[in-house]
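Throughout, numbering of the chain's residues begins at 1 and tracks the sequence. Counting convention: from 1, in listed order, for ligands and their atoms alike.
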Amino acid sequence: MKTRSYLTAIILIVLAPLLALSAWGLHLLLEDEREARLAGVAEKARSIALSIDQELAAAEGALRVIAQTEPMRREDFAPVYDLMRKTITSADSWGVLYDADGRMLMHTHHPYGTQFNEGPNPWVLDAIARHRASVSDLRDGRAGKSKVVSVQMPVTTAEGRQFLITHTFHVSHITKLLLRKDLPHSWVIGVFGTDGVTLARNLRENEFIGKPVKPKLYEAARRNASGRIPNVTREGIEAYTSFTHTSRAAWTVAIASPMDEINSPARTATALAALVLVAALAFAAAGIILFARRITGSTRLTLAAAKTLEVGGIPEVRPSGVVEADLLQRALNEAGAKLARENEARRALERERETLLASERDARREAENQNRTKDEFLAMLAHELRNPLAPIAAAAHTLALGVKNENVVRRASEVIVRQVDHLKSLINDLLDVSRVTRGLVEIEKEPVEVAAVVASAVEQAQPLMLAHRHTLSVRADAPQARVLGDRTRLIQVLSNLLNNAAKYTPDGGAIALEVELREGEAVISVRDNGIGIDSELMPHVFDLFRQAKRTSERAQGGLGLGLALVRSIVSLHGGRVEGHSEGPGKGSCFVLHLPLLAGEAQQPAAVPALAHGLVPPVRLMIVDDNLDAARALASLLEAKGHRVSVLPDAPSALERSAQEAYALYILDIGLPGMDGYELARRLRAMPGAGEAVLVALTGYGQTHDIDKAFAAGFDHHFVKPIDVEALDRILAKAASRAILVAAAPI
Ligand code: ADP
């Protein structure tokens, strides 16, 4: 059943008894009202009856007085006549004297002595026979012209004769009595005699006087002293007819009051009550609709909230105007919020578990990878260690044969020494990496010039580059920049990168080394156009033992330790290293970031001569039979913008000097054939080169060596490795007077 129906039922249950009760009450009230009105009517009837009685009583009283007067007793009618005239004054009533035969003897409307020739009136005999005063019913007047009633008094004279004196009223007199009462015009008031014939009427009296009343009324009046009957008047109006009797004449006074009039207040009250009822019902219906809407609306909102909860949402609280529904909504909202929190917590737990699972999976995969890498490494280590053993074994066997040939013995010994050196370096690498990666190595930091590190690293990598006929270009924007670090370790790092570039680049490749200063860091990059690194290996390239698959291109591979070492050492310096490659065959680039010495970055112009413009480019020559070393130094100097020629011996140097002018010469002393001293002397003697700055570079640094050098014409003397900063100063000085290089491309 719908809420609306329930509400209707409630209203009806409450209203029905109320309505019944008020209807009953109203009915009682209306009955009372009706009864009161009818009682009023009856009262009026009694009042009229009383008026008639008074009139008749007065007439009877007067007649009684006349009857007892002396003239009457003596039958002296003249004074009786006068008395009658005096007592009966109204125009529509008169006095008459009859004799015992019923003959009229005198009439107050006629002069005394008038002879009346009318026959006897039989009713007179009846009236005399009663021996007391009586009132007649309606009868015809003289000659039947009018309708009259009379009060009649029999008189017995002294002679014993009987007479009748009457006070006769024209019926209009009675009617006047009725009209004298101020009664509603709608009422029909009638008076009828004991014979049921109407003798007075307030309406249409001419029509109805002398006619019998309705038998129903007559019967009721005959049976009861007073009463009321429903009736239809002669005018055809439905009415309540109240009747009562006059006491002297036993006439009946009847008043017909229209039912409409009596019932109209009842009807009005009923209509009003019905109106009130309808209004109450309308209010109730409106209330039902309103409340039903409220209740169904709140139910709908609660239902929507429950649905939201069902799908895991947090239901909103939307005020519905129904407190209980709002409370329910609030409870649903709180339940939703709680569920959401629990769901969120559960999801977070699930996420955490998944993350844990994933990281555990990753860790396991990584462990497996490391294990596999370790196995591969062990296999490779065995291979790498076994490699030198074959030539050593062969050389040892050769020696064991006791061969006397000096050359053979020397070569076998050299092989053994070289291979043992190789084995030593492998083992050193291994130990080194193990100590560094375990954090057992402490680096001793001091300010180190990046350019010096670059020069030394280039020098170390030079042989491999030469062997592969690679072109190395070096560009250093800020060769004066310094970092705080361990010079040897930094050289090891950079040479490692250069060696890798040389190893993993097919012969004749191009390798570029660049140094630039960026945001407080020295950024050193080593780029090659070699075999490149695929994206799978790249993220792991700095891990221990990680290598690409060995192929003929990668035959040079080491033990996979180098980059791990690089990363550890660089991080010990507070720096970092990155590797980039666009993929196999597309070359690689490794970039070192080292924090500059505090204040260096902000004061790049501290050594203006060495700033970006560098030392003005100088054309110079290096003469050294150790071409690797010479080229490395040349690369460094070229990186600084100088134009460098490298020559292996004195004759070729002299020859070149004859063709070109050089501002500075760096000469190795221990040259084959003509040594450095001699070369210096010859150069000094040459017209073009005589002004040049001569720098001796030697492994011998004792005083007499230095003296010997200066004696030979050298301006400066350096013990290997060369002090780059000092050399820069010499170059700067030389630049002021020397032959400059117009443009010094690297
Ligand atoms: P190793 O060179 O002894 O194998 P590294 O740790 O120096 O060990 O290098 C790890 C691996 O990274 C190398 O085996 C090689 O596969 C790859 N790699 C390093 N540098 C380069 C480069 N410049 N070009 C291509 N591959 C390189």
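Taking CG of Asp649 as the reference point, atom CG of Asp668 lies at 11.5 Å (rounded to 0.5 Å).
Considering each of Ala564, Cys589, Ser581, Ser588, the one bringing a non-hydrogen atom nearest atom 24 (N) of ligand 1 is Ser588.
For Ile533, every heavy-atom contact with ligand 1 shorter than 4.0 Å involves the side chain, none the backbone.
Arg410 has no carboxylate O lying under 4.0 Å from a charged side-chain N of Glu406, or vice versa, which leaves the two without a salt bridge. A salt bridge links Asp362 with Arg365: the closest approach of a Lys/Arg side-chain nitrogen to an acidic carboxylate oxygen falls below 4.0 angstrom.
In the vicinity of Phe590, heavy-atom distances shorter than 4.0 Å reach the ligand 1 atoms 20 (N), 21 (C), 23 (N). Atoms of ligand 1 lying under 4.0 Å from any heavy atom of Lys503, numbered from 1 in the order shown and given with element: 1 (P), 2 (O), 3 (O). Atoms of ligand 1 lying under 4.0 Å from any heavy atom of Leu561, numbered from 1 in the order shown and given with element: 6 (O), 8 (O).
Counting heavy atoms from C-beta on, the side chains of Leu633 and Glu459 never come closer than 4.5 Å.
Under 3.5 Å, the side chains of Tyr504 and Ser588 contain no donor-acceptor pair of N or O atoms.
Paired with Tyr677 under the rule side chain to side chain contact (heavy atoms under 4.5 Å, CB included), one option of Leu671, Leu667, Ile669 passes, and it is Ile669.
Considering backbone and side-chain atoms alike, Ile531 places every N or O at 3.5 Å or more from each N or O of ligand 1. Not a single N or O atom of Asn496, backbone or side chain, sits closer than 3.5 Å to an N or O atom of ligand 1.
Not a single heavy atom of Gly530 sits closer than 4.0 Å to an atom of ligand 1.
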